[in-house]
Amino acid sequence: MSEEKSLNFIEEIIEADLASNKYASISTRFPPEPNGYLHIGHSKAICLNFGLAAKYGGTTNLRFDDTNPVTEDTEYVESIKADIKWLGFNWNNELYASDYFDTLYAFALELIEKGLAYVDDSTSEEIAILKGTPTEPGKPSEFRSRSIEENRTLFTEMKNGLYKDGEKVLRAKIDMAHTNMLMRDPIIYRIKHAHHHRTTNKWCIYPMYDFAHGQSDSIEKITHSICTLEFIPHRELYEWFIEKLNIFPSRQYEMARLNMTYTVMSKRKLLQLVNEEFVNGWDDPRMPTISGLRRKGYTPLSIRNFCEKIGVARRENMIDLSLLEFCLREDLNVTAKRVMAVLDPIKLIITNYDAEKSEELIAENGPDETMGNRSIPFSNTLWIEREDFMEVPAKKWFRLAKGSVVRLKNAYIVKCESFEKNDNGDISTIYCTYYPESKSGNDTSGIAVKGTIHWLSAAHAATAEIRLFDRLFKVENPSAEEGDFKSFINPDSLTIISKAYIEPSLTKADLEERFQFIRKGYFCLDKDSTPEKLVFNRTVTLKDTWGKIAD
RNA sequence: UGGGUUAUUGUGUAAAGGUAGCACUACAGAUUUUGAUUCUGUCUGUCUUGGUUCGAAUCCAGGUAACCCAACCA
């Protein structure tokens, strides 16, 4: 008895197409425009397209939709490829819409020969006015009735560089009164004397999205071309070109894009955050980009699981950031090495432990025995977390307070005897006694404690900078709020602890490793680290039940 | 005042005329040398009004709301 997992609507379409022998196998594609970095929203499309092909034994192409030379760059091409690979996917073919410029040009000529395209000399303002509005039909341009010969000549001259940018465009001749604005003689080629990242200066005319995307799908024999909801009106045009050109009938299917709380997802907005230096680049750990998440310490598996859990449907959605964090913790909990670090130190002295002495204690590296053990140094002077001591203990306080006992993780049980304050009234030193027979692993003391806290031997601890990240925005949906989305940026999204104490073993950490700083969260080394100064990023906190009670 | 798309609990997502399920969140409790993990439990939902039917989230009709469409962007 196997529980059958329900299919999403695209899987249902594919299974029906396969069952009816419409296709022998499927082909999908992931078609980014190389004008920015990939973000978590793209990962939904990536996981879907690659996942579908894997599930049904098909292929997936990576196709760069590079039809607008002025916004695109190879920097973006490289980052996109790296991000997809990091997520764990391999494309069957690396392709570019610009590979098809010759074919697309021939398609345009074909439309001209069929009387289905014309060169328009109107300015963009004139074209906009004649286009009408959603509630009023458009009117034909005076150039709409040009002869095939004239159109052929003019278009060839456009291609040959006889005209300046904006002087002429090629339009499909469809229906100026169509209810779908996109069918009112859409522009299919425009003049741009610009350098293209791949074709360099070969072309000065470039096809528009609508004249490139569907045909590219068709050329590659993509069976299921998946895009987001805002492209629904484009489907009619997509099919019109395929029909008039009589080429392979790729089909477009639309799904809802990913929205996430406390996050903005549009490339335009992300670009603003980078350009106006609200963040430190595309891979700032606070960014929802794949590279930002990676740098923050996210794992590919956690993102793939997230994309699996959010599902695929056609209704607008707003996913809780907490679901992404759940997927992250779910993965890290079983893979991250456990270590100790003290972020906000306060000194603890064990008065009955020989000040000259130190010993090595055994600590497990992780929840799984196969992760092994390591040794950690212990001595009479320790760093503990300031928040683990309360002068006046709260109700149900399990940690240190005068007279209370706690276990030092992997070490001994200690009892707080007294504490000292400095001139500011802050607690400066805590004095404890320890129970020698309570050593971790062979505790014969019989003492029961409610709390266990982490610690570091002051003489042995190393130091590091630690960067704590919080959500980038203060409000759930910054894009929907009145006013500039940037005014909702969380001023406390980054907290830098310039000197925290870390376990000596951490000085050998590498960039790929994931750690749980016990009781503090998951952390990883940042690329800014140097041998002299280690930098750790907090990937995500642990769930904090006590923190909620305390509030 | 045009066209298109969508409405299931706080959030996602299932249920193809027959028990409204699952996950996240939240909240309780148990276990715990991480107030983590794990385990158990709780959690006022089918946009609305009619209709068809023995039976409707599902079919029909009318409302309502949200989103998208008037870039030489994708």
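The model shown is predicted, which means the values in this text are computed figures rather than measured ones. Letters A, B, ... mirror the listed sequences (proteins, then strands); counts begin at 1.
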* Asked: With the threshold set at 4.0 Å, does a side-chain nitrogen-carboxylate oxygen contact exist between Asp99(A) and Arg63(A)?
  -> no
* Asked: Checking all strands, does Asn410(A) fall into the base, sugar-phosphate, or nothing category for heavy-atom contacts under 4.0 angstrom?
  -> base
* What does Ser122(A) touch in the nucleic acid at a heavy-atom separation under 4.0 angstrom: a base, only the sugar-phosphate, or nothing? -> base
* Toward the 5' end of RNA chain B, which comes first, Ile310(A) or Phe231(A), by nearest nucleotide? -> Ile310(A)
* How far, in whole Å, is A57(B) from A15(B) if one measures between their C1' atoms? -> 9 Å
* When all nucleic acid strands are considered with a 4.0 Å heavy-atom cut-off, which category describes Lys192(A): base, sugar-phosphate, or nothing? -> sugar-phosphate
* Asked: When the C1' atoms of U49(B) and A7(B) are considered, how many whole Å apart are they?
  -> 16 Å
* Taking Asp344(A) for its side chain and Arg386(A) for its backbone only, find out whether a donor-acceptor pair lies under 3.5 Å. => no
* Provide the Watson-Crick or G-U wobble partner of U6(B), both distances under 3.5 Å; none if there is no partner. => A65(B)
* Note: Arg198(A)-Glu72(A) ion pair, threshold 4.0 Å (strictly below) -> no
* Asked: Just checking Ile319(A): base, sugar-phosphate only, or nothing, at a heavy-atom cut-off of under 4.0 Å?
  -> sugar-phosphate
* Looking across every strand, which nucleic acid part, if any, lies under 4.0 Å from Lys164(A) by heavy atom: base, sugar-phosphate, or nothing? -> nothing
* Structure fact -> By salt bridge (charged side-chain N to carboxylate O under 4.0 Å, His left out), Arg144(A) pairs with (sequence neighbours left out) Asp185(A)
* To do: Could you check whether Thr545(A) gets within reach of a base, just the sugar-phosphate, or nothing at all, counting any heavy atom under 4.0 Å?
  => sugar-phosphate
* **Interatomic distance at P, G17(B) relative to C60(B), whole Å** => 12 Å
* Asked: Under the criterion side chain to side chain donor-acceptor pair (under 3.5 Å), which of Thr71(A), Asn68(A), Thr67(A) is the partner of Glu33(A)?
  -> Thr71(A)
* Can you give the first and last nucleotides of RNA chain B, 5' to 3', that have an atom under 4.0 Å from a heavy atom of chain A? -> G2(B) to A74(B)
* Got a sec, which residues hit salt bridge (charged side-chain N to carboxylate O under 4.0 Å, His left out) with Glu481(A), two or more places apart in sequence or on another chain? -> none
* Check every strand shown and say whether Ile232(A) touches a base, only sugar-phosphate, or nothing at a heavy-atom separation below 4.0 Å. => sugar-phosphate
* Asked: If you measure from the C1' atom in U46(B) to the same atom in U19(B), how many Å do you get, rounded?
  -> 15 Å
* With sequence neighbours left out, what residues match Tyr298(A) under ring-ring contact (aromatic ring centres under 6.0 Å, His included)? -> none
* Asked: With sugar-phosphate meaning primed atoms plus P, OP1 and OP2, does Phe398(A) contact a base, only sugar-phosphate, or nothing at under 4.0 Å between heavy atoms?
  -> base
* To do: Could you tell me whether His234(A) contacts a base, only the sugar-phosphate backbone, or nothing, with contacts defined as non-hydrogen atoms closer than 4.0 Å?
  => base
* Return the 5'-most residue of the pair Ile187(A), Pro134(A) with respect to RNA chain B, ranking by each residue's nearest nucleotide. => Pro134(A)
* Asked: Which residues within residues 330-345 of chain A lie with some heavy atom under 4.0 Å of an atom in RNA chain B?
  -> Asn333(A), Arg338(A)
* Structure fact -> With sequence neighbours left out, the residues meeting ring-ring contact (aromatic ring centres under 6.0 Å, His included) with Tyr37(A) are Tyr76(A), Trp282(A)
* Qualifying salt bridge (charged side-chain N to carboxylate O under 4.0 Å, His left out) pairs with a residue from residues 438-455 of chain A, counting only residues at least two apart or across chains -> Glu359(A)-Lys439(A), Arg407(A)-Asp443(A)
* Asked: Partner of U33(B) by Watson-Crick or G-U wobble geometry, both contacts under 3.5 Å, or none?
  -> none
* Asked: Base, sugar-phosphate, or nothing: which does Pro367(A) touch, judged by heavy atoms less than 4.0 Å apart?
  -> nothing
* **Whole-Å P distance, U11(B) and G45(B)** => 13 Å
* To do: With heavy atoms under 4.0 Å as the rule, sort Arg329(A) into base, sugar-phosphate or nothing.
  => nothing
* Asked: Can you list the residues that meet the ring-ring contact (aromatic ring centres under 6.0 Å, His included) rule with Phe306(A), with sequence neighbours excluded?
  -> none
* Structure fact -> Taken in chain and number order and not counting sequence neighbours, the residues that satisfy ring-ring contact (aromatic ring centres under 6.0 Å, His included) with Phe398(A) are none
* How is Gly521(A) classified with respect to the nucleic acid when contacts are heavy atoms under 4.0 Å: base, sugar-phosphate, or nothing? -> nothing
* Asked: On a whole-Å scale, what distance lies between the P atoms belonging to A56(B) and A70(B)?
  -> 43 Å
* Spacing of the C1' atoms in C22(B) and U9(B) (rounded, Å) -> 13 Å
* Asked: What residues form a salt bridge (charged side-chain N to carboxylate O under 4.0 Å, His left out) with Asp388(A), not counting sequence neighbours?
  -> Arg399(A), Arg519(A)
* Asked: Which residue pairs pass the side-chain hydrogen bond (donor to acceptor under 3.5 Å, both in side chains) test when at least one of the two sits in residues 306-327 of chain A, sequence neighbours left out?
  -> Glu254(A)-Arg314(A)
* Is A56(B) paired to anything, Watson-Crick or G-U wobble with both distances less than 3.5 Å, and if yes, which nucleotide? -> none
* Which part of the nucleic acid does Arg314(A) contact within heavy-atom distance under 4.0 Å: base, sugar-phosphate only, or nothing? -> sugar-phosphate
* Sort out the partner of U44(B) for me: Watson-Crick or G-U wobble, both distances under 3.5 Å, none otherwise. => none
* Asked: Can you list, by residue number, the residues of residues 62-74 of chain A that have a non-hydrogen atom closer than 4.0 angstrom to RNA chain B?
  -> Asp65(A), Thr67(A), Asn68(A)
* Which value, in whole Å, describes the distance between the P atoms of nucleotides C43(B) and A23(B)? -> 15 Å
* Looking across every strand, which nucleic acid part, if any, lies under 4.0 Å from Gln516(A) by heavy atom: base, sugar-phosphate, or nothing? -> base
* Of Arg190(A), Lys168(A), Arg171(A), the residue whose pairing with Asp120(A) passes salt bridge (charged side-chain N to carboxylate O under 4.0 Å, His left out) -> Arg171(A)
